[in-house]
**Student:** 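Dumping the structure here so I can ask a few things about it.
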2 protein chains.
Amino acid sequence: MVFGVRKGSNVRPRVTLEDVALRAGVSRATVSRVVNGSQTVKPAIRDSVLRAVKDLGYVANAAARSLVTRSTNSYALVLPEAHTRVFSDDQFFPRLIRGLSEELGAADKQLVLLMSSDAAAHRRIEHYLLGGHVDGVILASAHRGDPLPGTLGGTDLPVISNERVLDNVDFPYVGVDAVGGAAAAVRHLVGTGRRRIATIAGPQDMSAGIDRLIGYRREIARTGGSSIVATGDFTRQSGEVAMRELLADEPDLDAVFVASDLMAHGALRTLQAAGRRVPDDVAVIGFDDVEICQYSDPPLSTIRQDIVEMGRTLVRQILRLSCGEVVEPAVVLPVSLVLRQSA
Amino acid sequence: MVFGVRKGSNVRPRVTLEDVALRAGVSRATVSRVVNGSQTVKPAIRDSVLRAVKDLGYVANAAARSLVTRSTNSYALVLPEAHTRVFSDDQFFPRLIRGLSEELGAADKQLVLLMSSDAAAHRRIEHYLLGGHVDGVILASAHRGDPLPGTLGGTDLPVISNERVLDNVDFPYVGVDAVGGAAAAVRHLVGTGRRRIATIAGPQDMSAGIDRLIGYRREIARTGGSSIVATGDFTRQSGEVAMRELLADEPDLDAVFVASDLMAHGALRTLQAAGRRVPDDVAVIGFDDVEICQYSDPPLSTIRQDIVEMGRTLVRQILRLSCGEVVEPAVVLPVSLVLRQSA
DNA sequence: TTGTAAGCGTTATCAT
DNA sequence: ATGATAACGCTTACAA
């Protein structure tokens with residue numbers, strides 16, 4: 001209580017290795033060995049050290065350790081705050097975090113969250129990452145044009161992404177089979193007799209938007225149909241608007257594959273307002289399988305992707321990467337069609 | 001490229017203060033001063049140092065700095081992963097994170113995310129926090145019975161919470177006026193002529209659940225009515241179930257105040273299934289103002305709380321706390337009644 | 001105004 | 001199996 005407070009109110013004299021060593025009557029080196037689980041310490045000594053540790057409530061200082069080991073046991077999740085999926089009720093973000101957190105926790109690593117909201121934030125993040133705060137970086141949903149990937153590319157920091165490809169750099173990534181999922185949706189629509197199948201696509205500056213459109217186009221082409229596309233930004237509102245456009249342009253459409261459930265939810269409303277029955281007049285399939293699918297009217301058929309698992313896999317890869325291992329450039333997780341009542 | 005790889009693949013020889021000093025022809029101390037913005041450095045020297053910094057791409061090493069300053073510039077957000085609000089489409093979690101992230105970013109601090117999922121995770125977190133990794137802790141939605149607050153209480157780590165009161169310890173907190181919000185909802189119901197007003201309460205082991213029930217009871221008592229309560233766990237499903245109970249017990253109820261929008265959404269479905277018209281037969285008011293309120297049938301009247309602002313305020317307080325300042329034991333943010341069509 | 005040097009709390013090398 | 005001791009990269013008295 002008499003110690004100089006420099007910054008913060010960390011008053012109590014910190015317990016160090018030295019203190020433990022003194023109490024246990026051994027050297028600092030020995031305490032360090034015990035604390036780090038070395039097998040070359042005589043059991044008796046080990047025990048007395050452990051007792052001293054417990055008595056004193058010793059916990060190794062992170063900074064000191066990290067200074068010498070050159071590793072922090074922390075990993076950064078960088079994501080663009082602007083990302084509409086992050087702050088809607090899309091559940092992408094919570095699910096991702098849950099997966100990351102689970103797997104990181106199992107490895108006794110920590111997650112630091114970096115939101116790249118604006119230019120200032122971007123500078124801060126870059127500085128932070130380069131300052132050796134973390135052992136690796138998980139890049140989520142970076143947009144095309146985002147400068148960070150480029151910067152990171154020139155670094156020796158391990159990076160993993162969930163995007164198929166960023167501007168010029170390409171990091172190994174872990175994604176879901178969006179192309180396949182979209183194609184499966186269209187295939188189902190075709191298989192159930194739909195003939196004029198439109199799509200509401202997502203933003204075309206990120207894989208989630210691009211790939212789902214690719215899958216749609218591919219399958220439409222395969223069946224000799226022609227593409228009918230409107231574009232939204234993954235929000236409900238944009239879904240409503242896009243659906244109106246579609247209806248105006250192609251009044252005779254009988255199905256829509258929508259690149260996100262939220263947009264599909266919006267589309268459902270437009271359809272209802274326009275007096276079209278779903279699925280009788282027009283079938284709708286979304287993408288993501290968020291909770292609202294079960295509560296919409298009618299319940300929404302969709303493509304399910306396992307974001308929690310994606311998070312876990314992302315972690316497994318970055319962990320390997322930061323051990324110097326080489327990992328597969330791409331891991332693609334499967335998706336599945338879940339049928340409810342809208343198609 | 002010839003350097004020993006110890007852990008990680010951090011190969012490239014790290015640029016240190018020393019390197020910059022050498023290049024700029026000054027001492028390490030001077031470089032340090034420049035980097036830390038000291039005003040006592042001659043402009044010419046300052047410039048040449050800055051140039052060297054840029055040329056070399058120097059970024060101060062976090063661990064080294066933190067070792068001597070005893071501060072990390074990071075703050076932990078601890079939240080119980082079990083928390084249903086975290087992984088539903090409740091938006092509490094994303095909004096909180098957004099607020100924290102914004103305000104922390106403005107202060108050039110970082111956020112580390114700690115999910116307390118199980119006992120093992122809990123031990124890890126405790127260890128992590130005690131290891132001096134962070135300058136302060138933000139405790140979100142700790143449940144009653146959670147052991148962490150107690151542990152933290154015996155520490156000199158600054159802690160701020162969003163719960164009015166934890167088991168035995170009480171940290172300063174930043175909350176919303178849940179009691180007042182619930183009371184306002186009931187008051188509106190009474191004011192519009194409702195007479196048999198029930199409630200679906202949330203879990204009674206956390207402030208969010210407790211306070212909303214208190215507000216309901218208080219206002220019901222004030223108007224001489226009698227309480228009719230069922231309890232859920234903040235999920236839609238529990239809302240459906242609770243509403244069924246209510247209907248069974250009190251078939252003549254004409255209004256329900258529901259402690260969360262998700263539960264209210266569930267209740268709406270039950271009501272509809274039971275052939276009760278909303279708001280004609282029974283009025284419904286929720287709590288939270290999540291996005292779904294605008295899309296439910298009918299759109300849901302609710303109590304709006306500004307979680308982003310709560311996050312920001314939480315940060316402001318923990319920042320002050322970790323500077324050794326004393327902060328007000330409680331900051332209570334206002335809520336507001338937003339009327340849509342369900343009441 | 002600038003430099004020198006003493007730590008900060010660990011881990012790791014090298015003797016013993 | 002254990003103990004000195006030298007880093008690790010930085011900040012900060014204190015001296016000049």
Side-chain angles (χ1 to χ4, degrees), chain A residues 3-8 10 12-49 52-53 56-73 127 130-133, chain B residues 3-8 10 12-49 52-53 56-73 127 130-133:
Chain A
F3 294 73
V5 178
R6 201 191 312 282
K7 276 183 184 176
N10 297 339
R12 142 173 0 192
R14 201 187 254 295
V15 178
T16 73
L17 257 197
E18 184 95 43
D19 301 325
V20 178
L22 218 64
R23 171 131 183 169
V26 298
S27 72
R28 299 204 314 269
T30 298
V31 178
S32 176
R33 288 188 192 103
V34 171
V35 169
N36 291 294
S38 161
Q39 295 304 322
T40 75
V41 176
K42 198 182 288 182
I45 296 213
R46 207 187 69 97
D47 290 350
S48 73
V49 169
V53 165
L56 265 27
Y58 169 76
V59 176
N61 178 272
R65 177 176 278 175
S66 155
L67 183 55
V68 30
T69 62
R70 300 163 119 23
S71 91
T72 63
N73 283 335
H127 209 257
L130 268 26
H133 280 85
Chain B
F3 294 73
V5 178
R6 202 191 312 284
K7 275 183 187 178
N10 298 339
R12 143 174 0 194
R14 202 187 250 297
V15 179
T16 73
L17 255 198
E18 183 95 45
D19 301 326
V20 179
L22 218 63
R23 170 135 185 166
V26 299
S27 73
R28 301 206 312 272
T30 298
V31 178
S32 174
R33 290 190 191 101
V34 171
V35 168
N36 291 294
S38 162
Q39 295 305 322
T40 75
V41 177
K42 196 181 291 181
I45 296 213
R46 206 187 70 98
D47 291 349
S48 73
V49 169
V53 165
L56 265 28
Y58 170 76
V59 176
N61 177 272
R65 177 176 278 173
S66 156
L67 184 54
V68 29
T69 62
R70 297 161 124 23
S71 90
T72 63
N73 282 335
H127 209 258
L130 268 28
H133 280 84

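Lettering of chains follows the sequences in order, A, B, ..., and the numbering in each one begins at 1.
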**Student:** Name the closest nucleotide to the A:Ile45 side chain, picking from C:dG9, D:dT2, C:dG3.
**Tutor:** D:dT2

**Student:** Tell me whether the side-chain N/O atoms of B:Ser27 come closer than 4.0 Å to OP1 or OP2 in C:dG3.
**Tutor:** yes

**Student:** Please give, in whole Å, the distance from D:dT11 P to B:Asn36 CG?
**Tutor:** 5 Å

**Student:** Ignoring hydrogens, what is the shortest heavy-atom contact between B:Val41 and B:Arg46? Give both atom names and the distance.
**Tutor:** CG1-N, 3.9 Å

**Student:** When the nearest nucleotide of DNA chain C is assigned to B:Ala64 and to B:Thr30 on a heavy-atom basis, which residue is associated with the more 5' position?
**Tutor:** B:Thr30

**Student:** Counting heavy atoms from C-beta on, name the nucleotide in D:dG3, C:dT11, D:dC8 closest to the side chain of A:Arg65.
**Tutor:** C:dT11

**Student:** Heavy atoms from C-beta onward define the side chain here; which of C:dT11, C:dT10, C:dG3 lies closest to that of A:Ser32?
**Tutor:** C:dT11

**Student:** I want to verify a distance call: between D:dT11, C:dT11, D:dC8, whose nearest atom is closest to the B:Thr69 side chain?
**Tutor:** D:dT11

**Student:** Choosing from D:dC10, C:dT11, D:dT11, which nucleotide comes nearest the side chain of A:Val68?
**Tutor:** C:dT11

**Student:** Measure from the side-chain heavy atoms of B:Val41 and tell me the nearest of D:dA4, C:dT10, C:dT2.
**Tutor:** C:dT2

**Student:** Checking only heavy atoms, does the side chain of B:Arg33 share a donor-acceptor pair with the base of C:dG3 at less than 3.5 Å?
**Tutor:** yes

**Student:** Please state how far atom CD in B:Glu18 lies from atom P in D:dC10, giving the value in whole angstrom units.
**Tutor:** 9 Å

**Student:** Could you check which of C:dC8, D:dT2, D:dT5 has an atom nearest any side-chain atom of A:Arg28?
**Tutor:** D:dT5

**Student:** How long is the span from the CG atom in A:Leu56 to the CZ atom in A:Arg23, to the nearest 0.5 Å?
**Tutor:** 5.5 Å

**Student:** Keeping the roles fixed (side chain from A:Thr69, backbone from A:Arg65), state whether a donor-acceptor pair exists under 3.5 Å.
**Tutor:** yes

**Student:** Looking across every strand, which nucleic acid part, if any, lies under 4.0 Å from A:Ala63 by heavy atom: base, sugar-phosphate, or nothing?
**Tutor:** nothing

**Student:** D:dA4, C:dG9, D:dG9: which one has an atom nearest the side-chain heavy atoms of B:Arg14?
**Tutor:** D:dG9

**Student:** Rounding to an integer number of Å, can you tell me how far B:Arg70 CZ sits from C:dG7 P?
**Tutor:** 14 Å

**Student:** For B:Leu22 and C:dG3, what is the distance between atoms CG and P respectively, to the nearest whole Å?
**Tutor:** 12 Å

**Student:** Does a side-chain N or O from A:Arg46 land closer than 4.0 Å to OP1 or OP2 of D:dA1, or not?
**Tutor:** no

**Student:** For the pair made of CG in A:Asn73 and P in C:dT10, what is the distance, rounded to whole Å?
**Tutor:** 15 Å

**Student:** Which atom pair, heavy atoms only, marks the closest approach of B:Ala63 to A:Leu67?
**Tutor:** CB-N, 3.7 Å

**Student:** Whole angstrom is fine here: how far is it from CG in A:Asp19 over to C1' in C:dC8?
**Tutor:** 13 Å

**Student:** Tell me whether B:Thr72 contacts the main-chain N or O of B:Ser66 through its side chain, where contact means a donor paired with an acceptor under 3.5 Å.
**Tutor:** no

**Student:** Just the rounded figure in Å: distance from C1' of D:dT11 to CG of B:Asn61.
**Tutor:** 13 Å

